[in-house]
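Indexing begins at 1, ligand by ligand and atom by atom, following the structure's order.
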Amino acid sequence: MKILLIGKGGREHALAWKLAQSSRVDRLFAAPGSPGIADHATCLPQFHVDLSAADPGLSKQIDDLLEWALAEQIDLTVVGPEDALAAGLVDRFTAAGLLCFGPTAAAARIESDKSFSKDLMERIGVPTAAHRTFTDSATAVEYIREQGAPIVVKASGLAAGKGAIVAHTQDEAEAAVREMIDDDIFGAAGDHVVVEQFMEGEEASLFAICDGEDFVTLVTAQDHKAIGEGDTGPNTGGMGAYAPAPVMTEDLLQRAEDEVIRPVLSELQRLGTPYKGVLYCGLMITEEGPKVVEFNCRFGDPETQVILPLLRSDLVDLCEASAQGTIAQTRIELDESRAAVCVVAASEGYPNAYEKGLAIDGLASVEGEDVVVFHAGTRMIDDRLVTAGGRVLGMTAVADDLPGAVDLAYQTLKAVQFDGMYYRRDIAHRALDRDLG
Ligand code: GLY
């Protein structure tokens with residue numbers, strides 16, 4: 001088979017790594033790809049399908065890539081980032097007769113339009129925080145004053161993972177609303193703002209591979225969004241992750257499948273926009289059970305870097321079954337007896353301004369079948385690997401238990417350096433504390 005992967009980040013490196021293990025793959029291409037992905041695929045840097053959904057250039061890039069994919073007779077396209085999904089890549093490829101893994105733009109609204117997603121959940125009784133949507137800041141501020149803090153403010157559209165603010169004070173919440181609606185910090189993505197109740201609990205990420213009607217779930221994971229140890233400081237794209245997440249017991253998983261995934265798939269089907277691809281359920285495990293924090297229409301980053309090493313099944317089979325509507329006939333095998341950890345090495349200053357182009361050393365000395373270094377933001381300049389993003393590398397380690405995986409990931413990290421390299425030293429602390437407690 002000829003497979004095309006869309007994207008360039010750490011998540012897509014993990015997807016490329018796993019897709020390349022399939023005996024069904026003859027050629028793997030990645031648009032645009034990265035130096036890490038280049039170990040598994042032929043990269044196509046001429047296609048900038050990694051642009052943001054708000055960038056008018058994305059549509060033309062998708063058209064150009066479609067022309068290339070038709071000429072190359074690509075058998076299956078796997079889409080990593082939400083922006084390309086929200087911009088309708090799957091709609092266009094499918095209309096041209098190409099098989100594609102991912103939701104259509106209408107189904108991707110579950111992530112790209114948080115107001116739509118919250119209304120949908122409320123309509124069908126999926127457990128989630130109570131909310132209201134606003135288009136003017138004065139009314140939103142009035143509501144925040146009535147409700148008090150802590151409270152959550154979210155830009156309804158796509159905001160590169162930065163659009164959700166957990167405000168611990170009323171002032172913080174009011175400032176967030178004004179910045180989104182009046183100052184347009186997220187452009188049109190902040191024209192509608194969702195204000196929702198703060199939920200107490202521990203978060204978990206659950207991924208369902210869906211075919212419009214049926215689904216299978218992968219190993220559960222937990223990520224660490226905050227930059228600082230102890231989950232403090234501003235949110236990032238994710239500073240590390242581990243799997244499985246012990247907070248997600250068998251019973252809670254069953255409840256999440258019955259109370260969240262199944263009803264959402266039925267409702268999207270009823271609306272005429274069946275959901276295919278991966279449905280990422282960001283859950284808060286509260287005293288009353290799992291409640292939805294957010295849905296995403298794609299794999300998580302860096303959760304993918306820990307769930308794929310624990311997937312025994314062929315990823316190509318799963319993506320194909322999702323696109324063809326045959327998930328019910330597909331058996332999924334997970335390696336639930338082992339644990340995986342990913343620690344992200346980031347640029348100094350991230351998630352604010354940071355320097356790029358710094359030389360990365362030591363990668364050649366990383367070896368072992370239980371460790372993989374996924375590239376999140378790197379590039380080659382004159383045969384030299386350098387930093388090219390806020391999140392630079394993700395050290396993933398797999399072991400027979402979580403403490404073993406944590407030790408191995410941190411040991412691996414010691415071999416690698418770049419100026420200002422920053423990483424959290426407490427990845428998986430909640431699960432490790434649970435083991436001790
Ligand atoms: N790890 C959070 C995300 O992928 O959105």
Side-chain angles (χ1 to χ4, degrees), residues 6-15 50 52-53 78-86 102-103 108-114 117 152 154-166 186 189 194 202-209 218-228 231 233-245 247-248 277-285 292-310 340-346 350-351 374-377 389-396 423-424 427-431:
I6 311 293
K8 66 173 184 186
R11 164 184 55 207
E12 288 79 17
H13 187 179
L15 286 165
D50 52 325
S52 104
V78 177
V79 187
E82 63 273 20
D83 295 272
L85 294 165
R109 282 181 77 197
I110 203 84
E111 173 172 3
S112 66
D113 183 350
K114 284 170 188 58
S117 150
V152 180
K154 291 179 178 172
S156 185
L158 295 178
K162 296 185 188 140
I165 309 295
V166 179
F186 299 125
V194 172
E202 194 175 327
E203 280 190 57
S205 307
L206 174 61
F207 299 90
I209 308 277
L218 302 175
V219 174
T220 56
Q222 190 174 74
D223 76 342
H224 294 265
K225 292 197 179 79
I227 186 76
D231 298 311
N235 270 353
T236 68
M239 293 301 294
Y242 65 95
V247 67
M248 201 67 192
V278 62
L279 179 65
Y280 168 159
C281 310
L283 301 173
M284 185 66 79
I285 308 306
V292 177
V293 177
E294 63 178 2
F295 286 120
N296 294 314
C297 62
R298 36 82 192 172
F299 280 105
D301 190 343
E303 291 99 320
T304 308
Q305 292 88 312
V306 290
I307 57 176
L308 292 186
L310 301 179
V341 171
C342 175
V343 181
V344 169
Y350 175 73
F374 292 119
H375 292 224
R391 291 187 292 174
V392 178
L393 299 167
M395 310 292 161
T396 291
Y423 58 91
R424 278 183 58 170
I427 299 304
H429 70 92
R430 285 207 189 79

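Side chains of R430 and V247 form no contact here, defined as non-hydrogen atoms less than 4.5 Å apart. Using a 4.5 Å cut-off on side-chain heavy atoms (C-beta onward), R11 and P81 make contact.
Residue E303 has at least one N or O atom closer than 3.5 Å to an N or O atom of ligand 1. Backbone and side-chain nitrogen or oxygen atoms of D301 are examined, and one is located within less than 3.5 angstrom of a nitrogen or oxygen of ligand 1.
When the shell of 6.0 Å around NZ of K8 is examined, it contains 12 or fewer heavy atoms from other residues, nucleotides or ligands.
Rounding to the nearest 0.5 Å places CZ of F374 at 6.5 Å from CD of Q305. From R424, atom CZ reaches atom OG1 of T236 across 8.0 Å, with rounding to the nearest 0.5 Å.
Those atoms of ligand 1 with a heavy atom of D223 less than 4.0 angstrom away are 1 (N), 2 (C). For ligand 1, the atoms sitting less than 4.0 Å from at least one non-hydrogen atom of G237 are 1 (N), 2 (C), numbered in the order shown with element in parentheses. Residue contact check: G300 has heavy atoms under 4.0 Å from atoms 4 (O) of ligand 1.
Remark: minimum distance from atom 3 (C) of ligand 1 to any protein heavy atom is reached at R298 NH1, 3.4 Å.
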